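A short worksheet on the structure shown next.
Note that the coordinates shown come from a computational prediction; the quantities given were computed from them, not determined experimentally.
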Amino acid sequence: MIASYESAQSGLTSANGKEVGDAIRDTYSVQWTPRTADSFKYPFVPEHIARAAEEAHQDAQINNFMSAILMARTTVEATAKDKGITKGRLVEKIDELKEQGHIRKPIADAAHEIRHFGNDMAHGDITDLPDDQDVEDILALMDAVLRDVYETTAITAGIINRRQG
C-alpha cells in the first residue's frame, strides 16, 4: 500500500514580520511493510502445517520468493513428521511418505523438486534467485502434496462414512 504523506508549515514570517508564503509542503511516498496478502485456508491440514503453507503463499504475494520457497520446504518436512516419519534427511522422508502410501509417485517427484529449490535457499546457494514463475510452481507443488496427504484422504473418508452410515 502506497500512502502519501503531506506536511505543511504555514505562517512563516520574514525578518520584517511579513508572511513568507501560504505554506511550504513536502510530499513523501510511504510504502507500508509488511504489505498485506490474501489469506489461504487448508481445512483438512493440521493447524501448524497449514500455518506454514499459508505463510509460503503470503510470502510469495509480497515478492519474498526465497522465504516462500523455504516455507514450502518446511511444509513438506512438517508433513512427513506429522505422519511419523522423523528420521533421516528430507530426501528420505519424502521417499518414505511414498513408500507408506501417503503420496503417489508424481507427488513424491513434486516434493523432491520443492526440496531441491528449498535446499538451495537453506544452504546459502542464492546466487541464482527464484523468479515469480519458480515460486508459483513450487507453491502449486506444495499444495499438491497437501492435497494428497490430507485433503484426498479426508474427503474419501467422509464419503465412505456417509455411504456406510
Subject >> Listed partners of D132 passing side chain to side chain donor-acceptor pair (under 3.5 Å), at least two apart >> reply: none

Subject >> Between CD on residue E113 and CG on residue D134, distance to nearest 0.5 Å >> reply: 11.0 Å

Subject >> Residue pairs passing the salt bridge (charged side-chain N to carboxylate O under 4.0 Å, His left out) test where at least one lies in residues 137-153, sequence neighbours excluded >> reply: R104-D148

**OP:** Specify the closest pair of heavy atoms between A68 and V135, including all atoms of both residues, with the distance to one decimal.
**Re:** CB-CG1, 3.8 Å

Original post:
Would you say L90 and I94 make side-chain contact, with heavy atoms under 4.5 Å?
Top reply: yes

Original post:
What's the shortest heavy-atom distance between L70 and A122, and which atoms?
Top reply: CD2-N, 3.6 Å

Original post:
Which atom pair, heavy atoms only, marks the closest approach of A53 to Y42?
Top reply: CB-CE1, 3.5 Å

Original post:
Short question: side chain of E92, backbone of R89 - any donor-acceptor pair under 3.5 Å?
Top reply: yes

**OP:** May I ask you to check whether Q58 and E54 show a side-chain donor-acceptor distance below 3.5 Å?
**Re:** no

Original post:
Of the non-hydrogen atoms in I138 and A72, which two are nearest, and what is the gap between them?
Top reply: CG2-CB, 3.7 Å

Original post:
Do I126 and D120 come within less than 4.5 Å of each other through their side chains, counting heavy atoms only?
Top reply: no

Subject >> NE2-CD1 distance between H102 and I85, expressed to the nearest 0.5 angstrom >> reply: 5.0 Å

Original post:
Taking all atoms of both residues into account, what is the closest heavy-atom pair of Y150 and F44, and its distance?
Top reply: CB-O, 3.4 Å

Original post:
Would you say D95 and H112 make side-chain contact, with heavy atoms under 4.5 Å?
Top reply: yes

Original post:
Tell me, do H57 and M142 make a side-chain contact under 4.5 Å, heavy atoms counted?
Top reply: yes

Original post:
Does the side chain of R51 come under 3.5 Å of the side chain of H48 through a donor N or O and an acceptor N or O?
Top reply: no

Original post:
Rounded to the nearest 0.5 Å, how far apart are CZ of R163 and CD1 of I159?
Top reply: 9.5 Å

Original post:
CG of D128: more than 12 outside heavy atoms within 6.0 angstrom?
Top reply: no

Original post:
In terms of hydrophobic clustering (I, L, V, M, F, W, Y; side-chain heavy atoms under 4.5 Å; direct or indirect links), are F117 and L129 co-clustered?
Top reply: yes

Original post:
Under a 4.5 Å side-chain heavy-atom rule over Ile, Leu, Val, Met, Phe, Trp and Tyr, are V145 and I155 clustered together?
Top reply: yes

Original post:
Do V76 and I103 share a hydrophobic cluster, counting only Ile, Leu, Val, Met, Phe, Trp and Tyr and linking them when any side-chain heavy atoms are less than 4.5 Å apart?
Top reply: yes

Original post:
Which atoms form the tightest heavy-atom contact between I49 and A78, and what is the distance?
Top reply: CD1-O, 3.6 Å

Subject >> Of all pairs that satisfy salt bridge (charged side-chain N to carboxylate O under 4.0 Å, His left out), the ones with a partner from residues 63-84, not counting sequence neighbours >> reply: R73-E77, E77-K93

Original post:
How many angstroms lie between NZ in K98 and CD1 in I107, if you round to the nearest 0.5 Å?
Top reply: 12.5 Å

**OP:** Tell me whether M71 is reachable from M66 by hopping between hydrophobic residues (I, L, V, M, F, W, Y) whose side-chain heavy atoms are closer than 4.5 Å.
**Re:** no

**OP:** Could you grab the distance from atom CD1 of I114 to atom CD1 of I69, nearest 0.5 Å is fine?
**Re:** 10.0 Å

